J.: 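I'd like to ask you about the structure that follows.
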Amino acid sequence: MKRTTYLLAGGALLCLSAALAGVSLVRGQGAERRAPADTAFSAVPRSSGAGYSSLDGVRPGGDWPALPRRLNGPAQPIFYRHDVHAGQYRMPCLYCHNNAANSWTVNLPSESTCMGCHIVTSAPDTAGNPDPEIAKLRDYYAKGVSIPWVRINKIPEYSHFPHMRHVAAGLACQTCHGNIQQMPRVFPVRDPSNMGWCTNCHMQRGVTRDCTACHF
Amino acid sequence: MSAATGVVGVFGGVDAAVAAIESLKARGYANYRVYSPTPRPELAEALARKESPVRLFTLFGALTGTAFGFFYAIATSLDWPLVTGGKPIVSWPPFVVIGFETTILIGALATVAGMFLFAGLPKLGRAPGYDPRFSDDKFGVVAFGGPAQLAEAREIFAASGAEEVKDV
Amino acid sequence: MATLATPIPPAAPLHAEAPPSYADTTRDIIATLRPPGRKYYVGMAFVLVGLAFGAFCWGYQLRYGLGVTGYQPPIFWGTYITTFVFWVGIAHSGTLISAILYLFRSGWRTAVYRTAEAMTVFAVMTAGLFPILHLGRAWYAYWVFPYPNFRGVWSNFRSPLVWDVFAISTYLTVSATFLLMGLIPDVAAVRDRSLGWRQRLYSMVSFGWKGSDREWHHFGRMYLYLAGFATPLVLSVHSVVSWDFAMAIVPGWHATIFAPYFVAGAIFSGCGMVITILVPLRKAFHLERYVQVRHFESLAKVILLTASIVAYAYATEYFIAWYSGNPFERSSFYNRAFGQYWWATWIMLTCNAFIPQLLWFKKIRTSIPTLFVISIFINIGMWFERFVIIVTGLSHEYEPWQWSYYVPRWPELGILVGSFCWFSMWFLLFIKFFPAVAISEIKESLPPPVQAGGRR
Amino acid sequence: MERRRFLQVAGVAGIGVAAGCAPTSGERLLPYVNESDDLIPGIPEFYASTCRECPAGCGIQVKTREARAIKVEGNPAHPVGHGRVCARGQAALQGLYDPDRVKQPWRRTARGLEPVTWDRAIEQIATALGAAAASGADRVALVTGADSGALDAFYDEWLAAFRSHRRLRYEAFAYEPLREASRLTFGVAAVPEFDFASARYVLSFGADFLETWLSPVEYTRQFAEAHRYHDGRMAKFVAVEPRRGLTAYSADEWIAPKPGTEGLLALGIASSVVRQGKADLTGAEADRVRGFCARFTARGVAETTGVAEDVIDRVAREFAAARPSLAVAGGVATQHRAATQAAAAVNLLNYVVGNVGRTVRYHAASPWEKVSRYRDATAWIAAMQAGAVDVALVHRTNPAFTLPKAAGFADAFRKVHLTVALASHLDETAELCDLILPDVTPLEEWSVVEPAAGVRSFVQPAMTPVFDGTRQAADALLAIAAKAGKTVGRGAATARELVAAGMVPTALDHALQHGGEFAAAPVKPVRLVPDFARVVYRAPAFDGDAGGEALVLIAYPSAALFDGRGANKGWLQELPDVATKIAWQSWVEVHPDTALRLRVANGDLVTVTSPHGRVEAPVYVYPGVRPDVVAMPIGQGHTAYGRNAKHRGVNPLDLLGADAVDASGALAFCSTRVTLAKTGRQTRLATTEGSARQLGRGIARAVSLAGALKGEVEAGPEATLTDAERAAVAAAAASQRERANIGVYAKPNPKWELTIDLSRCTGCQACVTACYAENNLPVVGEEQTLRHRGMAWIRLERYYEGDTAGTDWQVRQIPMLCQQCENAPCEPVCPVYAAYHTPDGLNGQIYNRCIGTRYCAANCPYKVRYFNWWDYGTVGDPYFAFVEPLNWQLNPDVTVRTKGVMEKCTFCVQRIRFAQTDAKVRKRELADGDITPACAQTCPAEAIVFGDAHDPSSLVSRLKQDARGYHALGMLNTKPGVTYLERVITQGEA
């Protein structure tokens, strides 16, 4: 009879722990619990309206960081290096992607924005020829043709994400988009359809988890 | 002849088998086994085994089920509270259904597990003294023991009208 | 079984003429497993074709959407749910006969319970398909299970549909287990009489059963407790199914009588189906010695009883609708009897309430062909009962502006046919692989072989 | 250009519930080359413009996203419409994005239509014009719709450049009788301005002023203002017409005189007023009027009109007592051979009680003065027949469809050497033309119109033209003139410059921002002309024999399709007719008695035969017509025009005679008798009507004015509950809610609620179409409508109350939408939480979570949940409902639902969330009225009010306290978030 009782106790425990595991599993979902905005990336100041997109902190010049052996993410029509602009030069994200602060959707910078600098700067080689990628940009602009960027991040159509609200809350872009400033070529750091990621963050910050906050 | 570990008596009638069992018991045999095509009350009486512990599995399985059912329903409802129809988040009446069903489910499965455990199933190997006829219309009594006991057993079987007696 | 405190009294002698011996029993029943004849293959082919058509209909529906069905708002539920409830109902008598009658020690169950129980399992397997078939997005059906997922969303335990999920899956598991356990000793017997791969298969399925005293001892207890579980389960399952409707606000659905009413109806329809199946089976396998007229008569008596309960439930429904003074209920039930769906209602009443009354006459109870015909009527009637409840209820609801009329279209009917074929396929396979009558239990109810000249 | 391509990626957002997830491979994002300062992706832009779907000219704001027009909304600053738009106005978008539009110039040859370049086309026209001008005067004809303002002047100038004055401002409904009657009675050939708002008694002789008559949106707003019940007062509305339509549904009393006798009835009432000494006249004028009125004895009038004497006297008494009152003549009353007399009689009636100058005002100018009469059209046809016209250009009007066949337009038109259509669609007229020049739609063009005196309303493009090949007619004409070597437009090179001509830039900007320049026009005082007595009543003649089976035919404009120009717009085709609730079809309305006599029932196909033609249509048995009358809607029966319109239904105009004109030279739509003959064939009517009776279920409730004054209300079934029972139910609910309030639900949340004032609602269904536009509702088509599978999230239910045998029955209409119940039956039954309750009191529906058990819909007592039976939302599916470029209109803020998903109204939750986010980011509090669902926003009667019920100061929480407030099916204890205010009906003496 001893044997029996042990077995039974074991069985009962097994079932209960399974249930517990289930719940705890979900609680932790999608979350490699990364530190919140302030410590995520020092070069991105906490949201404070205008300062967010000012070029005060920008430090151009110097040698570009070496490229890793293999690059993640799809090849783009122009090899635009976030690790140089956002990383080395410390350009704020909102300088180019300014609509993140005032719209639900984020814009890609217009070519005129790029040309704002690259009309002048061209990272010429010793012979004085402009950097080929910048040359491409100037070419597109001259032709008046849009650069057909390959889309990296896309949230499913049945959910709506107010960038403006998250920026206003002082959330660093890196929180969701990863350390773009270290990416020579941008790649998605996580599946944006992983709702667990969103809800987990909302739970940690005590924000609403109401479904119609995003789904309508 | 080789050292037999047991001797089996094949009986055509349940009464004979019962008789054999009775006399085995009378001679103080403890280690014997009975095969029958169908459970017979006569045999059960003769063997007079004590109550099967399977029922404990049934009980604990059922209790586990109940606990699990309610726990799961409540835990998940609280994990993400969503109001529907203005009803309480933890609304007992519906959860009773869940608790009930899991009680039955886990209880039943535990019972089966218990049976397998105690009946020693599955037992795909050969069983000493087993004979296909035992699943048809014959009854078999197998006695185990030392040579002396076996010899005695042979006599008993023969005496009680075994159609066949052989060593195993 | 033997482990019962008191043995089952062989009520009347099991058979008029010379009782079959243990050996006869084994032989005769195992004979049913002989390689099938042409008839069998023809039947199987027929069934598979029907199943294929049903599958095609579903594929068609998945491709283009539920628009291919006849659904016409506000009638959002139709033949699929009807057929779901129908099959769940069919399932019930099986468990009733194998479990409840077992607890009540009624001897006559022995002959028929294996068939009934197999029917139960396959009927549940069929019923289980329909809630999925009827979904708008069947490919997300698994969302109803409360499995841990990255969204952190669970299923809504307040929804009767989730109760269904639990009830039906539990029912399937338990009744399947019950069937399998009961099979063990018989499969062992078959094993000992077969060779080659079949022998290997059977020794697997029988878990190496030997029929030793120890095995029988625990087996009997286990079987008793399973029966004990199955009994409340069977009552709960159809109550839960009935609550799909009773929990809703729809006039004609929202009634407390539904649980008992549905359970009675289920057993009623189930016994009908048992007869429908047993009659040809008995004929085909010449089991007249084991499955006898008195068994059918007992079934007929159960049918008569449940039919009366169902008829009473109908009466109560109408009475309450009138007595409550609730204008919506009244209007709904008036429409049921005399509205657009009068035909369905009267088919239902005729088949379920009136025709079974013939069984008061012993002559009819004991005439196999008549019983067979009546059982067919019962199956039809019970399908229509669910149709009437679901469709007329929805067609004539609170909002007069939204009253409407629905008739099924060919994909629905195709899937309905397919479901019958699916069921028959499993059953046909079963009777060729497993003994359709419980060998060891028949033996148990027979007088045991006694040796002349035992010890005196 | 770049902008458009950018949109093709960004704007398509929303397609597919199940679709999308990880970044879709190969999808490209195209940035702007130079970004525009005012355009922020994701933030809508609004362009103030003017609706050109009918001549009324309401002010609109076109909502654009990423430079695509996605919604038409009213311009609150505009004097016409005051920020409200009707169904037709909402549907302008479907004209804009119609896949059947003409995308490039075509030339008709023997082999049919062949593509041709703009230059070649212009050249051909220029040459032809040159020749025509050379060969004599008036050999060029230009046909437009009712037009006014700068472009109108330009057209005349352009025509003059080719020595022609053959200008036709053709409208099917041109209100000639009103103008003529005003000339005869007051010496002003103008359509007066009517002031419904201040009228305390409205007497309408056939005028469908809530549907199509003159300026329906503005009139609806004014009428609702006057007719609504507030502080114990409301205007009484008596409708006098042989057929009861949408307008008459709002009537407190329906008087159905014999067709054609409305004028006499008006005179009878007038003379009754005089007899009762209530006339507001003095001196010689009084004597003249008294003398004139003496001819019309109450008995005589009663005999001819079939209206009882006492009714005439009572109405006269009420009409004279409640001043200012208002009598209007229109619709049926002004569409028979005695139309002018009728209109004049009504003028007299107004004058007698002194309404003229108060509720009937004349101005120096009227937009209708210049609009051509039917007689002008026939004259033009005669000229063409006679070969006097070499070149005819038709711009945005469809005479081939709206003129009776008998008028012989087609033949005459073919005789013209060169016929040119400046059309956006290949309609019947364009089909006849030699050259088809693709025109833009009003949402893509520059113009300025004068819909009312003192109002200069601007039309500006809301977006770059959808099709590159299209050009605005004015631009085309300018090009043609230039090619022909004529200088027109005073140096203006484009339509925009024509419009801006003579305006300083600042003024133009101001006008474009506000929609126009609005000034109060001085009222022109008028007096009854001494010889008004010329206007004698003459019984109108009807073609066809008077005896036996013959029934007078009433061909009335469809509220949705107007004169047929709406027929290719899915939204309008699917919008059920207000009276019959039939969509997508034509029908004949037959009175139950007549139906009994002819042994016809709903859906029986009958041939309707008049002396001039025959058509075949199904019968709809309708108590709203006199037994001696049958009615058919105008608008269907197109033989061209596009996929939705072509070969659908029949055109009752085929039954009319061409010479049926009245004194003013207007076409008499109601001028012939017809006979009905059974064909023996049947067809199913695509009606959304279930039962026309609410069987005392208290869904749409009304109370008599007398009762309302005493504080009574119409009780529903829930009245049977005792207070104890109510208390018990409430307590149970409260305790449950108590245990439900955890997490976000416990926080102080708003509770969004709606009130609908049925004493304002006229049943115009503008809300329905607005919902289609805002929430990406698919158009399901006739077949699915037949199967009750329409997707309108808000619908108008129409119930009859009282015995429909006579005329003394009422219509109860109620907009039924999701009630957002607090104890929603639909929520707990969903196994996957797709239906649940949001903390702010909404009845959330998560499309991407829905698996389609349809349990919620089965359990919804209001039946306001709609299922996607087919895959309306997936590109390429046979049932895809948003064929390019219709999908450009999709609202990116709302998910497009796919196959197998349940959907429903959520009070435009997207608007709520956007407003909340905006407020949050701008760190401000939401104010009452910041959020408006599409239905409330567009409601011309301002019947729908939305707001936070937890804020005691909000309008909605004040309105729901009203004694008339009730909940539909309240006895179910669903605690709806929609509160209806009972309609109030003035019965008997007012």
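The analysis underlying the following values was restricted to heavy atoms, covering all of them including side chains, and did not include hydrogens, waters or symmetry mates. Sequence lines set the chain letters: A, B, ... in the order given, protein chains first and strands last, and positions in each chain run from 1. This structure is a prediction, so every number in the text was calculated from the model and none was measured.
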J.: Taking the six-membered ring for Trp, are A/H160 and D/F914 ring centroids under 6.0 Å apart?
T.: no

J.: I need the residue from D/I40, D/D918, D/L842 with the largest number of non-hydrogen atom pairs under 4.5 Å to chain A.
T.: D/I40

J.: Would you mind telling me which of A/A213, A/C114, A/S159, A/C211 has the largest number of heavy-atom pairs within less than 4.5 Å of chain D?
T.: A/C211

J.: Between D/T838 and chain A, with a heavy-atom cut-off of 4.5 Å, which part of the residue counts as in contact: side chain, backbone, both or neither?
T.: both

J.: Do the ring planes of A/H163 and A/H177 sit parallel (below 30°), tilted (30 to 60°) or perpendicular (above 60°)?
T.: parallel

J.: Among the options A/T208, A/I147, A/N107, pick out the one with the most heavy-atom pairs lying under 4.5 Å from chain D.
T.: A/I147

J.: Quick one: which residue pairs count as a salt bridge (Lys or Arg N to Asp or Glu O under 4.0 Å) with a foot in residues 172-187 of chain A, not counting sequence neighbours?
T.: none

J.: At a heavy-atom separation under 4.5 Å, does A/P109 approach chain D through its side chain, its backbone, both, or neither?
T.: backbone

J.: Using a 4.5 Å cut-off on heavy atoms from C-beta on, say whether the side chain of A/P65 contacts that of A/Q88.
T.: yes

J.: Which of parallel (below 30°), tilted (30 to 60°) and perpendicular (above 60°) describes A/W149 and A/Y80?
T.: perpendicular

J.: Output the option from D/T917, D/I43, D/N34, D/I912 having the highest count of non-hydrogen pairs under 4.5 Å with chain A.
T.: D/T917

